[in-house]
Asker: 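Have a look at this one.
Ligands are counted one by one from 1 in listed order, and the atoms in each one are counted from 1 as well. Being a predicted model, the structure only gives us computed values, none of them experimental.
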Amino acid sequence: MKILTHGFEITYDKSIQGNIPLLLIHGFPLDRTLWAEQIRGLDAHVIAPDLRGFGESAFGESATPSDAVTIDTYADDLHALLDTLNLQNVVVAGLSMGGYIALAVYRKYPQTVRGLILANTKAGADSAEGKKGRDDNAALAREKGAAAVGEKMMPKMLTPKTATERPWLSAAVSAMMARQSVNGVVAALMAMRDRPDSTPMLAQISVPTLIITGAEDTLIPPKESEAMREGIRGSKLVVIPNVAHLSNVEQPDAFNRAVNDFLKSL
Ligand code: MLT
């Protein structure tokens with residue numbers, strides 16, 4: 001589905017298998033198809049958009065020039081999308097970069113958020129070394145295309161066992177990363193590089209929060225999820241065994257069970 005929100009077009013998938021509105025925010029450098037198994041398996045009113053410049057969503061240059069895109073820009077886009085769809089009291093879920101954006105949605109629009117799901121993500125900002133890595137990846141994307149960034153990240157997305165035993169999953173994730181636009185990828189890298197540290201806001205989160213991660217995530221290790229669980233009062237942490245960074249792709253049944261149990265508890 002496509003919808004015009006504050007001046008440009010956002011593409012999203014939708015499924016209605018429950019009443020609670022649930023926004024699913026994909027990670028980097030991915031798109032809404034990341035959530036295919038959640039669209040099928042979650043008991044909610046699911047909205048899974050492509051972030052600006054990813055998948056089939058417009059780059060939105062007319063709304064915000066590419067060099068001015070921040071994590072808050074994506075949060076504003078998603079808030080405008082929810083507003084246009086007339087959805088309130090939304091559970092906001094994000095994986096990895098999607099989690100950085102989910103925290104920004106909560107910081108800017110707490111009245112919209114009924115609950116948070118933070119998957120394979122962290123609250124902290126980039127280290128100096130991490131920021132340099134963003135610049136290197138932006139140069140790589142400009143020089144060799146988005147696929148080159150994807151190739152570099154691929155070994156951390158799924159466990160080696162899954163990559164060997166289910167090669168079609170690796171192929172689908174590689175293809176998803178390879179088809180993203182260079183402009184979208186570079187804008188997101190700069191937005192992640194410059195994102196604020198969300199650690200101080202954790203103590204202020206007052207909505208039910210579910211944290212999910214993979215026991216073998218080396219891109220964002222489980223200790224980051226444990227730190228968020230300690231920081232967010234009443235939050236629950238689910239660590240899925242034998243899973244790396246894309247926990248929802250690698251073990252969709254375990255991921256969906258955790259989310260459906262959480263939705264039921266609201
Ligand atoms: C993601 O999976 O969204 C990104 O790898 C997160 C990051 O690079 O910080």
Side-chain angles (χ1 to χ4, degrees), residues 23-35 38 48-55 57 69-75 78 92-105 117-141 146-159 162-163 169-170 172-181 184-199 211-214 216-225 227-228 240 243-250 255:
L23 175 69
L24 298 178
I25 312 173
H26 64 76
F28 170 90
L30 303 161
D31 60 33
R32 71 188 196 279
T33 63
L34 175 74
W35 301 113
Q38 284 63 53
D50 282 330
L51 294 169
R52 70 161 65 207
F54 287 90
S57 280
V69 168
T70 65
I71 290 293
D72 283 12
T73 310
Y74 300 114
L78 297 176
V92 178
L95 182 130
S96 200
M97 180 178 79
Y100 310 156
I101 298 168
L103 287 169
V105 172
I117 302 175
L118 303 169
N120 300 82
T121 193
K122 64 179 175 186
D126 276 5
S127 62
E129 191 194 348
K131 285 183 199 284
K132 184 179 173 303
R134 304 296 187 194
D135 292 335
D136 292 348
N137 277 343
L140 182 65
V149 176
E151 259 168 52
K152 205 170 142 188
M153 294 177 68
M154 193 58 218
K156 295 194 166 179
M157 291 294 184
L158 304 170
T159 57
T162 295
L169 273 189
S170 298
V173 173
S174 287
M176 204 190 304
M177 296 196 285
R179 68 174 172 250
Q180 305 311 324
S181 72
V185 163
V186 170
L189 283 165
M190 301 300 95
M192 288 195 284
R193 179 193 64 187
D194 298 334
R195 75 185 188 282
D197 181 2
S198 295
T199 310
I211 300 160
I212 305 177
T213 197
E216 294 176 44
D217 190 347
T218 53
L219 208 155
I220 301 184
K223 71 170 176 7
E224 300 285 355
S225 294
M228 288 194 296
I240 304 177
V243 158
H245 193 54
L246 300 185
S247 56
N248 67 312
V249 171
E250 203 163 356
F255 187 96

Asker: Any idea which atoms of ligand 1 are less than 4.0 Å away from a heavy-atom of S96?
Answerer: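 Numbered from 1, ligand 1 contributes 1 (C), 2 (O), 3 (O), 4 (C), 5 (O), 6 (C).
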
Asker: List ligand 1 atoms under 4.0 Å from R134, heavy atoms only on the residue side.
Answerer: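 Matching atoms, with element in brackets: 7 (C), 8 (O), 9 (O).
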
Asker: Backbone N or O of K156 within a donor-acceptor pair of the T218 side chain at under 3.5 Å?
Answerer: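 Answer holds: no.
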
Asker: Distance under 4.0 Å to a non-hydrogen atom of M153: what atoms of ligand 1 satisfy this?
Answerer: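 Listed by number with element: 5 (O).
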
Asker: Need the ligand 1 atom indices (1-based, order shown) with element for anything under 4.0 Å from a heavy-atom of G27.
Answerer: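 Listed by number with element: 3 (O).
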
Asker: Quickly, which of I220, T121, T213 forms a side-chain contact (heavy atoms from CB on, under 4.5 Å) with S225? Name it, please.
Answerer: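 With S225 as partner, side-chain contact (heavy atoms from CB on, under 4.5 Å) holds for just one option, T213.
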
Asker: Are any side-chain N or O atoms of H26 and backbone N or O atoms of D50, one a donor and one an acceptor, separated by less than 3.5 Å?
Answerer: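 No, because the side chain of H26 does not come within donor-acceptor range (under 3.5 Å) of the backbone of D50.
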
Asker: Is ligand 1 under 4.0 Å from a heavy atom in the side chain of L219, in the backbone, in both, or in neither?
Answerer: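 Looking at L219 and ligand 1, just side chain atoms fall under 4.0 Å.
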
Asker: Check each atom of ligand 1 against the heavy atoms of H245 and keep those under 4.0 Å away; list them by number with element.
Answerer: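 The list of qualifying atoms is 1 (C), 2 (O).
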
Asker: Taking Q38 for its side chain and N248 for its backbone only, find out whether a donor-acceptor pair lies under 3.5 Å.
Answerer: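 Between the backbone of N248 and the side chain of Q38 there is a qualifying donor-acceptor contact (under 3.5 Å).
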
Asker: If the test is side-chain contact (heavy atoms from CB on, under 4.5 Å), which one of T70, I71, L103 qualifies with R195?
Answerer: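 Only match with R195 under side-chain contact (heavy atoms from CB on, under 4.5 Å): I71.
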
Asker: Any N or O of L95 that comes nearer than 3.5 Å to an N or O of ligand 1?
Answerer: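 N/O-N/O distance below 3.5 Å does not exist for this pair.
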
Asker: For the side chain of D31 and the backbone of S57, is there at least one donor-acceptor N/O pair under 3.5 Å apart?
Answerer: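 No: the side chain of D31 does not pair with the backbone of S57.
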
Asker: Provide the number and element of each atom of ligand 1 under 4.0 Å from a heavy atom of Y100.
Answerer: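 Here the atoms of ligand 1 in question are 6 (C), 7 (C), 9 (O).
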
